[in-house]
Amino acid sequence: MAKKILVTGGTGYIGSHTVVELQQAGYEVVIIDNLSNSNADVLEGITRITGKRPLFDKLDCTDMDGLKALFRKHTFDGIIHFAASKAVGESVQKPLLYYRNNLLSLINLLEMMPEHKVKGIVFSSSCTVYGEPDSNPIDENAPIKPAASPYGNTKQINEEIIQDFIHSGAPVKSIILRYFNPIGAHPSAEIGELPLGVPQNLVPYITQTGIGIRKQLSVFGNDYNTADGSCIRDFINVVDLAKAHVKAIERMLEDQSDEPVEIFNLGTGTGLSVLELIALFEKVSGKPLNHQIVGRREGDIEQIWAQPDKANNVLGWKAEMTVEDTMSSAWKWQLRLREKGVM
């Protein structure tokens, strides 16, 4: 019988791509999402790719009564927890919203797990926990720095909550995945990144500028201590990232490790500057991108990229897609949205 996985935030960007990979690997998936930053239409895209419609409940993880009803209805083998508010700037303006949403949702899920014999939880964390690194590339033993935003702080606190809960003797396992910078879309162009309103992330802003929705892209600073002066990040293909979650679920459910909590960095191991990424977009789209250099943005880290050896060797996962193919998939997705009249 297929293992059943609960995916919170499963209609979101990374969540929807992970649902596709889970279903293609033979798992049964139940999605819950409050649709605050996503659209239920993504279920159609998932169904077209996989030939199977995942079960879906519109539910907020902070709603304990709703969660109790869900867990009475289903027997879950594992959970992948994506559901969280995630805009850095907004978190500075609305810190209590972020602490309430991001902490309470995890606490509620953890509370349900032992009672319903759920074996483990894969937690969606972030390289923001490393802050401005002392050196690159970053491995999992790099020091955790003070968070630059309430959003980043919720990731750090959530990691601590998981570790404290399991240390207390709770009979559950966890794999914490620290993402670097997910970009791109499914190669089918059936699902991709679809931010509500003005994009907070770089690539959708690039593609929306490329297609004429946004007038101009601002590059925040060209005076950093990097080859071209712009910030450097580790950009990882979202489908590659999604596949890491399937590996993590397998590892957890099959007891491939004696460690109750494991942490993995998910990145390519290569840093790419903002200006290099813009040049790649121009290459794959065949059009110049209207962009201007403006002043530095508060909170931006100069350069950070992953040392992914642990994920490669222990988790058995490796980023495979080139950044060029990834940018090409993002552009294809943007063109598809225009075709559908979405934007």
Side-chain angles (χ1 to χ4, degrees), residues 12-14 16-17 37-39 41-42 45 86-93 151 179-224 226-239 241 268 270-304 321-343:
Y13 175 43
I14 302 167
S16 59
H17 287 80
N37 195 34
S38 61
N39 194 305
D41 289 350
V42 76
K86 67 182 182 85
V88 171
E90 184 187 50
S91 78
V92 176
Q93 303 299 322
Y151 161 72
Y179 312 158
F180 279 67
N181 291 71
I183 61 170
H186 195 271
S188 67
E190 291 288 358
I191 57 172
E193 189 167 9
L194 183 57
L196 301 183
V198 178
Q200 302 283 339
N201 294 340
L202 176 62
V203 169
Y205 212 110
I206 287 175
T207 60
Q208 288 188 17
T209 304
I211 211 161
I213 296 167
R214 309 285 159 203
K215 284 182 180 172
Q216 191 173 57
L217 172 76
S218 295
V219 176
F220 297 102
N222 67 343
D223 56 351
Y224 286 99
T226 61
D228 62 20
S230 65
C231 291
I232 289 176
R233 297 289 181 268
D234 187 335
F235 296 102
I236 174 174
N237 181 281
V238 67
V239 177
L241 185 68
T268 66
T270 303
L272 199 73
S273 77
V274 172
L275 290 174
E276 285 174 320
L277 196 70
I278 288 169
L280 264 179
F281 170 78
E282 292 179 331
K283 182 180 175 185
V284 301
S285 68
K287 53 167 60 189
L289 187 78
N290 186 16
H291 65 282
Q292 64 166 348
I293 309 294
V294 298
R296 292 186 181 192
R297 182 172 57 180
E298 188 186 350
D300 273 349
I301 289 162
E302 181 173 276
Q303 47 188 318
I304 184 167
M321 296 284 285
T322 67
V323 187
E324 191 170 325
D325 284 344
T326 301
M327 286 305 286
S328 187
S329 73
W331 182 233
K332 186 178 171 188
W333 166 244
Q334 187 68 64
L335 294 171
R336 180 68 181 274
L337 290 174
R338 182 173 67 181
E339 217 178 84
K340 290 160 70 175
V342 176
M343 56 173 15

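In what follows, every heavy atom counts, from backbone to side chain, and hydrogens, waters and symmetry copies are set aside. The model shown is predicted, which means the values in this text are computed figures rather than measured ones. In this chain, residues are counted from 1 in sequence order.
If you take OG on Ser188 and NZ on Lys332, they are separated by 7.0 Å, rounding to the nearest 0.5 Å. We find the CD1-CZ distance between Ile206 and Arg214 to be 13.5 Å, quoted to the nearest 0.5 Å. Atom CD of Glu339 sits about 11.5 Å away from atom CH2 of Trp333, to the nearest 0.5 Å. Leu217 CG to Leu202 CG: the interatomic distance, rounded to the nearest 0.5 Å, is 6.0 Å. Expressed to the nearest 0.5 Å, how far OG of Ser230 lies from CD of Glu302 amounts to 10.5 Å. Between the CZ atom in Arg296 and the SG atom in Cys231 there is a gap of 7.5 Å [rounded to 0.5 Å].
Not counting sequence neighbours, the partners of Trp331 by the ring pair (Phe, Tyr, Trp, His ring centres under 6.0 Å) test are Phe281. Among residues two or more places apart in sequence or in another chain, the ring pair (Phe, Tyr, Trp, His ring centres under 6.0 Å) test is passed with Tyr179 by His245. Not counting sequence neighbours, the partners of Lys283 by the side chain to side chain donor-acceptor pair (under 3.5 Å) test are Glu324.
The shortest side-chain heavy-atom distance between Leu241 and Phe180 does not fall under the 4.5 Å cut-off. Looking only at side-chain heavy atoms (C-beta outward), Ile213 and Arg338 stay at 4.5 Å or farther from each other. Considering only heavy atoms from C-beta on, Gln200 stays 4.5 Å or farther from Val88 through its side chain. By the 4.5 Å heavy-atom criterion applied to side chains, Asp228 and Glu276 are counted as neighbours. Under the 4.5 Å side-chain criterion, counting only non-hydrogen atoms from C-beta, Asn181 is not in contact with Asn201. A heavy-atom distance below 4.5 Å is not found between the side chains of Ile304 and Asp234. Residues Leu277 and Phe235 form a side-chain contact, since some pair of their non-hydrogen atoms from C-beta on lies under 4.5 Å apart. The shortest side-chain heavy-atom distance between Ser218 and Gln292 falls under the 4.5 Å cut-off.
Judged purely by atom type and a 3.5 angstrom limit, Arg297 has no side-chain atom pairing as donor or acceptor with the backbone of Gly221. Under the 3.5 Å distance criterion, the side-chain polar atoms of Asn290 are matched with a main-chain donor or acceptor of Lys215. Checked by atom type and distance alone, the side chain of His17 pairs as donor or acceptor with a backbone atom of His186 at under 3.5 Å.
In this structure, Ala330 and Val203 approach most closely via the heavy-atom pair CB-CG1, 3.7 Å. Residue Thr322 comes nearest to Asp325 through the heavy atom pair OG1-N, 3.0 Å, listed as atom of the first residue, atom of the second, then distance. For the residue pair Pro187 and Val239, the shortest heavy atom distance occurs at CD-CG2, 4.0 Å. When all heavy atoms are compared, the tightest approach of Gln208 to Pro195 is NE2-CG, 4.2 Å. Here the closest non-hydrogen pair linking Ser329 and Ala185 is OG-N, 3.0 Å. Of all non-hydrogen atoms in Ser16 and Val42, the two that sit nearest each other are CB-CG2, 3.7 Å.
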Inset, instruction - For side chain to side chain contact (heavy atoms under 4.5 Å, CB included), just list the numbers for Ile278 and His291, CA-CA rounded to whole Å, side-chain angles, deciding distance to a tenth of an Å, and then say yes or no. - result: CA-CA 9 Å; Ile278 288 169; His291 65 282; 4.0 Å; yes
Inset, instruction - Kindly determine whether Lys86 and Asn37 satisfy side chain to side chain contact (heavy atoms under 4.5 Å, CB included), including the steps that lead there. - result: CA-CA 10 Å; Lys86 67 182 182 85; Asn37 195 34; 4.1 Å; yes
